[in-house]
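Okay, structure first, notes after.
Counting from 1, the numbers follow the sequence of the chain as shown.
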Amino acid sequence: MRDEVDELSEAWARERPDLDLRPVAVFSRISRLARHLDLARREAFTAHAIEPWEFDVLAALRRAGEPYELSPGRLLRATLVTSGTMTNRIDRLAERGLVERHPDPDDRRGVIVRLTREGKAAVDGAFTALVEAEAVFLGELPPTQQRELAGLLRQLLVPFGS
């Protein structure tokens, strides 16, 4: 089975036989796959009326477990955005009724952000659609190869801490 990356790599090999093009074969495929995954994510989120940034915040709250709440600081660490950006995102999600702010019982000046029933339904629906879409991408690989691929990609990502 051949793909367009094979053609691209062969063309470069003709023009630059002095280079080891194995990275091109790997990362050109990862880049193309990332574009397809981004489209699948957007479709999954759009079908559930949420934006990718909204999913990131709602998913962090959902993963926290019941009662699905985190401090804004913990949300910052989970989503890797600035404090001002997070405040804006919480405001917008609260306006949509997807999260609520509650006083932090451990810090009189602080708040806790809690997922609402509507927010939980939105993130659960979007996540289900996302997992189903991603499963299609892996459909041709048996479970053992899926685990192997996950492990290999983990090895590449660990040095970046992400």
Same apolar cluster: [X] and [Y], side chain cutoff 4.5 Å:
X: W12; Y: L19; value: yes
X: V81; Y: V111; value: no
X: L138; Y: L153; value: yes
X: L141; Y: L37; value: no
X: L149; Y: L156; value: yes

- Query: Side-chain donor-acceptor pair under 3.5 Å between T85 and T82, yes or no?
  - Reply: yes
Nearest 0.5 Å, what's the [atom1]-[atom2] distance between [X] and [Y]?
X: L76; Y: I90; atom1: CG; atom2: CD1; result: 7.5 Å
X: L93; Y: N88; atom1: CG; atom2: CG; result: 9.5 Å
X: R35; Y: I30; atom1: CZ; atom2: CD1; result: 12.5 Å
X: R74; Y: T79; atom1: CZ; atom2: OG1; result: 12.0 Å
X: D38; Y: E43; atom1: CG; atom2: CD; result: 10.0 Å
X: E66; Y: R114; atom1: CD; atom2: CZ; result: 11.0 Å

Is there a side-chain contact between [X] and [Y], using heavy atoms and a 4.5 Å cut-off?
X: L75; Y: L61; answer: yes
X: P52; Y: R42; answer: yes
X: V5; Y: F27; answer: no

- Message: For the CH2 atom on W53, are there more than 12 heavy atoms of other groups (residues, nucleotides or ligands in this structure) within a distance under 6.0 Å?
- Response: yes
- Message: Considering only residues two or more places apart or on different chains, which pairs with a residue in residues 134-145 satisfy side chain to side chain donor-acceptor pair (under 3.5 Å)?
- Response: none
- Task: For F45, check ring-ring contact (aromatic ring centres under 6.0 Å, His included) against everything at least two apart and list the hits.
- Result: F55
Residue pair [X] / [Y]: nearest heavy atoms and the distance that separates them:
X: L98; Y: A122; answer: CD2-CB, 4.4 Å
X: L115; Y: G119; answer: CD1-C, 3.6 Å
X: I50; Y: A126; answer: CD1-CB, 3.7 Å

- salt bridge (Lys or Arg N to Asp or Glu O under 4.0 Å) with E100: which residues, sequence neighbours excluded? none
- Item | salt bridge (Lys or Arg N to Asp or Glu O under 4.0 Å) partners for D124, two or more places apart | R62, K120
- Message: Looking at E54 and R92, is any side-chain nitrogen of the basic one under 4.0 Å from a carboxylate oxygen of the acidic one?
- Response: no
- Are any of the side-chain nitrogens in D3 or R29 under 4.0 Å away from the carboxylate oxygens of its partner? yes
- Task: List in chain and number order the residues that pass side chain to side chain contact (heavy atoms under 4.5 Å, CB included) with D104, two or more places apart in sequence or in another chain; answer none if no residue qualifies.
- Result: D106, D107, I112
- Those residues at least two apart in sequence (or on a different chain) that pass side chain to side chain contact (heavy atoms under 4.5 Å, CB included) with A44 are A129, L130
- Message: Between R2 and E10, is the side chain to side chain contact (heavy atoms under 4.5 Å, CB included) condition met? List the steps.
- Response: CA-CA 12 Å; R2 292 179 51 78; E10 289 167 4; 2.9 Å; yes
- Are V99 and E69 close enough, and set up right, to give a side chain to side chain contact (heavy atoms under 4.5 Å, CB included), and what steps lead you there? CA-CA 9 Å; V99 301; E69 62 184 25; over 6 Å; no
- Item | E7 side-chain N/O to E4 backbone N/O, donor-acceptor pair under 3.5 Å | no
- Query: Within the distance-only criterion (no hydrogens, no angle test), does the side chain of D91 pair as donor or acceptor with the backbone N or O of A94 below 3.5 angstrom?
  - Reply: no
- Task: Go through the steps to decide whether L58 and F127 satisfy the test side chain to side chain contact (heavy atoms under 4.5 Å, CB included), and finish with yes or no.
- Result: CA-CA 10 Å; L58 298 174; F127 187 62; over 6 Å; no
- Test log, rule side chain to side chain contact (heavy atoms under 4.5 Å, CB included), inputs L70 and V113: CA-CA 5 Å; L70 292 170; V113 180; 5.8 Å; no
